[in-house]
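Have a look at the structure that comes next, please.
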Amino acid sequence: MTEFRAPVGTRDVLPPESARWERLVAVFAGTVERAGYGLVLSPMFEDVGVFERVGEGTDVVRKEMYDFEDKGGRRVALRPEGTASVVRAYVQHRPTPPFKAWYVAPNFRYERPQAGRFRQHHQLGVEVLGTDDADLDVEVVALAWSVGAALGLAQVTLLLNSLGDDACRPAYLELLKSFLASAALCDEHAGGYEQNPLRVLDCKRDACRSATETAPRLVDNLCEACAAHFARVRSGLDTLGVPYTLQPRLVRGLDYYTRTTFELAAGALDSAQNAVGGGGRYDKLAEALGGPATPGIGFGMGIERLLLACDAEGVFPGPPSAVDVWVVDTAGGGAALALTHELRAAGISADRSFDGRSMKSQFKSADRSGARVALVVGNDELAAGTMTLRDLRGGDQETVARADVVEHVRKLLS
RNA sequence: GUGGCCGUAGCUCAGCAGGUUAGAGCGCCAGGUUGUGGCCCUGGAGGUCGGGGGUUCAAGUCCCCUCGGUCACCCCA
């Protein structure tokens, strides 16, 4: 084992896997930019308060925050999730609403790694601030769905729920608490659930599962405004033909959600971590971060998990990484140096061998690279002012004048 | 943070109940073919057997600790 390794819970992504990442990001960017979303780049660490403010009770900030003190004595934390940073940037810069943003960024959580879970993982996501129009909820949910579809994922389920708002949630929580008071919960929740009784609904243990089967459902206790909003979201998704499953137990890990919440579950993943994406509305978040009351909604998708799901379904293969031309030079390397440069300048991808290897070795490299053509320059060609152009698929080759090489290569590649 | 399983070449692994200089396949390099890749053949390079301590005449093999990987719980992307 080598002396230094990537830190616990982190991974190096090397070619050819990295090419797949690039393609995934491109698919995502294409999908959301067609919908008017612009890229936002924000720091990958923030004052720890940014995250604490939005998620006090949640595990994500209570026990998983990757925080430390910097040389200036500031308490900072590596970003555990994407929304808080974008909302903080919105509050700081006040762009004209509706502000539609997308991002691709690393997130950090200090937890033990396992299948589909890392200390550093990467999320693609969107956030929109400045409107609580239910049609926007539909747009955002549909975008998340579209990304899965664009990747070719077929076994993905869209889970949908509404968590209500200040007008209806408090009353519902009281209702739920009194129900839970006489329920036989799992060991952990039997101890207490005052902090966040909603979590009990999300508990996966059998005891809680069966005990809460008959629990009052939030969707049945929404206030008039929330009920109307949710109804519009659902009919909108129906209109767009986006299939969803109503999941009244869907709570999600961040406390800031209001009204619409959703999750994309990958059916092909049998690991415990099968959520490839999730999000929802957060109408109180901007205020919590010291800004004006501004409704917002967004979602995040995990790159590692999306790719895991793609593997499981056998879709979205990595692109074949191949250069078009391999220059084989047995006459000292000068021709390879000039020719690769010239080809690249002409927009043709080209590579070569180094270290003065044998012709056989250079051809092997050419073959492994997947190049379609090899351009050979030896002493004969050098003397004659020509090059040998070989089609590596078939094996035919011809001699062409040095000056016409780029043209001939173009013709062969087209 | 808790628990199960696992750490032997770049990769996937073998290594019989502790016993000579630790092996294979793939990959890599070179040669067979002094101007030609894919197939084949031959050779070569590459290992403090994760690290430390212990038991023993002798440890890759047994014991302890530690680090790392992996899976699960919790929770999440």
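Each chain gets a letter, A, B and so on, in the order its sequence line appears, and its residues count up from 1. Only heavy atoms go into these numbers, but all of them, side chains included; no hydrogens, no water, no symmetry mates.
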side-chain hydrogen bond (donor to acceptor under 3.5 Å, both in side chains) contacts touching residues 296-319 of chain A (sequence neighbours left out): R20(A)-D311(A), H122(A)-E304(A)

Detail all sub-3.5 Å separations between protein N/O atoms and N/O atoms belonging to nucleotides 34-36 of chain B.
from: G35(B); atom 1: N7; to: D380(A); atom 2: OD2; distance (Å): 3.3
from: G35(B); atom 1: O6; to: D380(A); atom 2: N; distance (Å): 3.1
from: G35(B); atom 1: O6; to: D380(A); atom 2: OD1; distance (Å): 3.2
from: G35(B); atom 1: O6; to: D380(A); atom 2: OD2; distance (Å): 2.3
from: G35(B); atom 1: O6; to: E381(A); atom 2: OE1; distance (Å): 3.2
from: G35(B); atom 1: N1; to: E381(A); atom 2: OE1; distance (Å): 2.6
from: G35(B); atom 1: N1; to: E381(A); atom 2: OE2; distance (Å): 2.8
from: G35(B); atom 1: N2; to: E381(A); atom 2: OE2; distance (Å): 2.6
from: U36(B); atom 1: O2; to: R390(A); atom 2: NE; distance (Å): 3.2
from: U36(B); atom 1: O2; to: R390(A); atom 2: NH1; distance (Å): 3.4
from: U36(B); atom 1: N3; to: Q397(A); atom 2: OE1; distance (Å): 2.9
from: U36(B); atom 1: N3; to: Q397(A); atom 2: NE2; distance (Å): 3.3
from: U36(B); atom 1: O4; to: Q397(A); atom 2: NE2; distance (Å): 2.6

Electrostatic pair R79(A):E46(A) at N-O distance under 4.0 angstrom: no

Phosphate-side-chain proximity, Q114(A) and A72(B), N/O vs OP1/OP2 below 4.0 Å: yes

Whole-Å distance separating the CZ atom of R368(A) from the P atom of G38(B): 9 Å

Touch class at under 4.0 angstrom, heavy-atom based, for A366(A) against every strand present: nothing

C1' atoms of G46(B) and A9(B), separation to the nearest Å: 6 Å

Gap between atoms CG and P, on L198(A) and C75(B) respectively (whole Å): 14 Å

Distance in angstrom units between N274(A) CG and C73(B) P, rounded: 11 Å

Closest-nucleotide ordering on RNA chain B, the 5'-leading residue of T10(A) and S358(A): S358(A)

Plane angle bin for F299(A) and F28(A) - parallel if under 30°, tilted between 30 and 60°, otherwise perpendicular: perpendicular

Residues which pass salt bridge (charged side-chain N to carboxylate O under 4.0 Å, His left out) with R217(A), listed by chain and number, not counting sequence neighbours: D220(A)

Ring-base stacking, H121(A) with A77(B) (5.5 Å, 30° cut-offs): yes

Sugar-phosphate, base or nothing in reach of G125(A), heavy atoms under 4.0 Å: nothing

Nucleotide G69(B), atom P - distance to CZ of R11(A) in whole Å: 13 Å

G31(B) and U36(B), which share atom name P, separated by this distance in whole Å: 12 Å

Nucleotide C74(B), atom C1' - distance to CD of E64(A) in whole Å: 8 Å

Inter- and intrachain pairs under side-chain hydrogen bond (donor to acceptor under 3.5 Å, both in side chains), touching residues 361-372 of chain A, at least two apart: none

Side-chain donor-acceptor contacts of residues 134-143 of chain A below 3.5 Å, not counting sequence neighbours, with atom names and distances?
from: D135(A); atom 1: OD1; to: R232(A); atom 2: NE; distance (Å): 2.8
from: D135(A); atom 1: OD1; to: R232(A); atom 2: NH2; distance (Å): 3.1
from: D135(A); atom 1: OD2; to: R232(A); atom 2: NH2; distance (Å): 2.9
from: D137(A); atom 1: OD1; to: R281(A); atom 2: NE; distance (Å): 3.1
from: D137(A); atom 1: OD1; to: R281(A); atom 2: NH2; distance (Å): 2.6
from: D137(A); atom 1: OD2; to: T260(A); atom 2: OG1; distance (Å): 2.7
from: D137(A); atom 1: OD2; to: R281(A); atom 2: NE; distance (Å): 3.1
from: E139(A); atom 1: OE2; to: Y37(A); atom 2: OH; distance (Å): 2.7
from: E139(A); atom 1: OE2; to: K100(A); atom 2: NZ; distance (Å): 2.9

Value rounded to 0.5 Å, distance of NE2 in H229(A) from CG in L222(A): 11.0 Å

Residue list, side-chain contact (heavy atoms from CB on, under 4.5 Å) with D70(A), at least two apart or on another chain: R74(A), V76(A)

Q362(A) CD - G31(B) C1' separation (whole Å): 17 Å

Within 45° cone of F230(A) ring axis and under 6.0 Å: R259(A) NZ or CZ: no

G52(B) to U12(B) separation - P atoms, rounded to the nearest Å: 23 Å

Euclidean distance, atom CD of residue Q273(A) to atom C1' of C75(B) [Å, nearest integer]: 8 Å

Side-chain (Y172(A)) to main-chain (P216(A)) donor-acceptor, under 3.5 angstrom: yes

Test salt bridge (charged side-chain N to carboxylate O under 4.0 Å, His left out) applied to D324(A) - qualifying residues, sequence neighbours left out: none

Consecutive-pair stems (at least three Watson-Crick or G-U pairs, under 3.5 Å) that include RNA chain B: B:1-7 with B:67-73, B:10-13 with B:23-26, B:28-32 with B:40-44, B:50-54 with B:62-66

Pairs satisfying side-chain hydrogen bond (donor to acceptor under 3.5 Å, both in side chains), at least one member in residues 325-346 of chain A, at least two apart: W326(A)-S353(A), E342(A)-R402(A)

Base G38(B) to side chain D367(A), donor-acceptor N/O within 3.5 Å cut-off: no

Same-atom distance (C1') from A59(B) to G53(B), integer angstrom: 13 Å

Closest-nucleotide ordering on RNA chain B, the 5'-leading residue of Q120(A) and D396(A): D396(A)

A30(B) OP1/OP2 closer than 4.0 Å to side-chain N/O of R357(A): yes

Under 4.0 Å protein heavy-atom contact, by nucleotide of nucleotides 1-6 of chain B - B base, S sugar-phosphate only: BBB---

Whole-angstrom distance between C74(B) and U61(B), as gauged at atom P: 37 Å

C1' gap between A58(B) and A22(B), integer Å: 16 Å

Going by atom type alone, with no hydrogens or angles, which donor-acceptor pairs under 3.5 Å involve a side-chain atom of residues 1-13 of chain A and a protein atom two or more places apart or on another chain?
from: T2(A); atom 1: OG1; to: F4(A); atom 2: O; distance (Å): 3.3
from: T10(A); atom 1: OG1; to: P7(A); atom 2: O; distance (Å): 2.7

Less than 3.5 Å apart, which donor and acceptor atoms pair up between the side chains of residues 381-391 of chain A and the rest of the protein, not counting sequence neighbours?
from: E381(A); atom 1: OE1; to: G378(A); atom 2: N; distance (Å): 3.0
from: E381(A); atom 1: OE2; to: T388(A); atom 2: OG1; distance (Å): 2.6
from: R390(A); atom 1: NH1; to: G395(A); atom 2: O; distance (Å): 3.3
from: R390(A); atom 1: NH1; to: Q397(A); atom 2: OE1; distance (Å): 2.7
from: D391(A); atom 1: OD1; to: R393(A); atom 2: N; distance (Å): 2.9

Nearest-angstrom distance, C1' atom, U8(B) to G23(B): 10 Å

Options C75(B), G68(B), G38(B), nucleotide nearest the side-chain atoms of K364(A): G38(B)

P-based separation of A30(B) from C67(B) [nearest Å]: 43 Å

Length of the line joining L250(A):CG and A77(B):P, which is rounded to integer Å: 10 Å

